[in-house]
Amino acid sequence: MKTEIYQNHCYYISSNKTIETISISKGDKKQNVYVYNYKGVSYRVFKSKEKMDRFWNGQGDEDLHFETEQELDEWLINAVTV
């Protein structure tokens with residue numbers, strides 16, 4: 001079964017810092033994740049908006065962290081949806 005990945009929204013914090021809302025689906029399973037892209041050298045993945053909000057308030061950490069876009073893409077393609 002093929003994994004489908006869509007960027008639903010991209011919020012620009014600055015020209016090289018973004019928060020992307022990404023939808024991942026495989027068959028009838030679907031989930032959204034939030035990715036903080038820091039200058040293309042750090043990608044922090046949050047599995048819920050609440051977890052991302054806690055991170056911004058200094059009260060939590062990301063679910064996953066990648067140092068390259070390729071690592072992030074590989075995870076997205078192979079992500080198991082809940």
Side-chain angles (χ1 to χ4, degrees):
M1 193 170 299
K2 181 180 168 186
T3 300
E4 295 183 17
I5 303 166
Y6 298 98
Q7 181 189 57
N8 295 331
H9 187 264
C10 183
Y11 172 75
Y12 283 83
I13 299 169
S14 68
S15 62
N16 55 5
K17 297 177 192 172
T18 61
I19 297 174
E20 300 173 45
T21 305
I22 297 176
S23 176
I24 308 166
S25 62
K26 188 179 281 189
D28 61 348
K29 297 179 181 180
K30 182 178 179 179
Q31 75 181 58
N32 287 323
V33 296
Y34 303 87
V35 178
Y36 172 46
N37 174 352
Y38 178 79
K39 299 182 178 185
V41 297
S42 176
Y43 301 87
R44 297 177 189 269
V45 177
F46 303 89
K47 294 184 179 180
S48 72
K49 184 166 183 336
E50 293 78 19
K51 192 148 191 176
M52 183 178 65
D53 290 343
R54 285 194 300 272
F55 171 80
W56 287 113
N57 291 322
Q59 300 170 344
D61 293 319
E62 70 276 355
D63 290 301
L64 299 160
H65 181 248
F66 302 100
E67 294 181 359
T68 68
E69 189 171 7
Q70 182 178 353
E71 290 174 340
L72 171 63
D73 290 347
E74 288 174 9
W75 179 81
L76 288 169
I77 289 168
N78 296 303
V80 177
T81 55
V82 178

Undergrad: First locate atom OG of S25, then atom CD1 of I5, and finally report the distance between them rounded to the nearest 0.5 Å.
TA: 8.5 Å
Undergrad: Got more than 12 heavy atoms from elsewhere within 6.0 Å of CD, E4?
TA: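 Yes, enclosed.
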Undergrad: Mark yes or no for whether T3, through its side chain, and I77, through its backbone, hold a donor-acceptor pair below 3.5 Å.
TA: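 Indeed, once roles are kept as given, a pair shorter than 3.5 Å links the two residues.
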Undergrad: Taking all heavy atoms of K26 and all of A79, pick out the closest pair and write down the distance.
TA: NZ-O, 4.1 Å
Undergrad: Do Y38 and I19 belong to the same hydrophobic cluster, where Ile, Leu, Val, Met, Phe, Trp and Tyr are linked whenever their side-chain heavy atoms lie under 4.5 Å apart, directly or via other members?
TA: yes
Undergrad: Tell me, yes or no, whether the heavy-atom count around Q59 atom CD, taken from other residues, nucleotides or ligands under 6.0 Å, exceeds 12.
TA: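 Yes, because the 6.0 Å sphere around CD of Q59 holds more than 12 heavy atoms from other groups.
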Undergrad: Does any part of the side chain of N8, heavy atoms only, come nearer than 4.5 Å to the side chain of I22, both counted from C-beta?
TA: no
Undergrad: Quick one: does K47's side chain get under 4.5 Å of K51's, heavy atoms only?
TA: no
Undergrad: Could you tell me whether the side chain of S42 reaches within less than 4.5 Å of the side chain of E67, counting heavy atoms only?
TA: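 No, every pair of side-chain atoms sits at 4.5 Å or beyond.
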Undergrad: Do W75 and V45 make a side-chain contact, defined as non-hydrogen atoms from C-beta onward lying under 4.5 Å apart?
TA: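 Touching, per the 4.5 Å side-chain cut-off.
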Undergrad: Which word best sums up how the rings of F55 and Y36 line up, parallel for under 30°, tilted for 30 to 60°, or perpendicular for over 60°?
TA: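 F55 vs Y36 ring planes: tilted.
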Undergrad: Which heavy atom of K49 sits nearest to which heavy atom of Y34, and what is that distance?
TA: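 Nearest pair, atom of K49 first, then Y34: N-CE1, 3.3 Å.
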Undergrad: Nearest 0.5 Å please: distance from the CZ atom of F66 over to the CG atom of D73.
TA: 10.0 Å
Undergrad: Quick one: closest heavy-atom pair of F46 and M52, and the distance?
TA: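 Answer, listing the atom of F46 first, then M52: CD2-CA, 3.6 Å.
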Undergrad: Tell me whether V41 is reachable from I13 by hopping between hydrophobic residues (I, L, V, M, F, W, Y) whose side-chain heavy atoms are closer than 4.5 Å.
TA: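 Yes, it is one cluster - the side chains of I13 and V41 are joined through contacts under 4.5 Å.
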Undergrad: Between N37 and T18, is there a donor-acceptor pair closer than 3.5 Å when you use the side chain of the first and the backbone of the second?
TA: no
Undergrad: Within a 6.0 Å radius of atom CD on Q7, are there more than 12 heavy atoms belonging to other residues, nucleotides or ligands?
TA: yes
Undergrad: I need the I24 CD1 to Q31 CD distance, nearest 0.5 Å.
TA: 4.5 Å
Undergrad: Are Y43 and E69 packed together at the side-chain level, in the sense that at least one heavy-atom pair is separated by less than 4.5 angstrom?
TA: yes
Undergrad: Under 4.5 Å between side-chain heavy atoms, counting indirect links through other Ile/Leu/Val/Met/Phe/Trp/Tyr residues: same cluster for L64 and L76 or not?
TA: yes
Undergrad: Which value, rounded to the nearest 0.5 Å, describes the distance between D63 atom CG and S48 atom OG?
TA: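 Rounded to the nearest 0.5 Å, the CG-OG separation comes to 6.5 Å.
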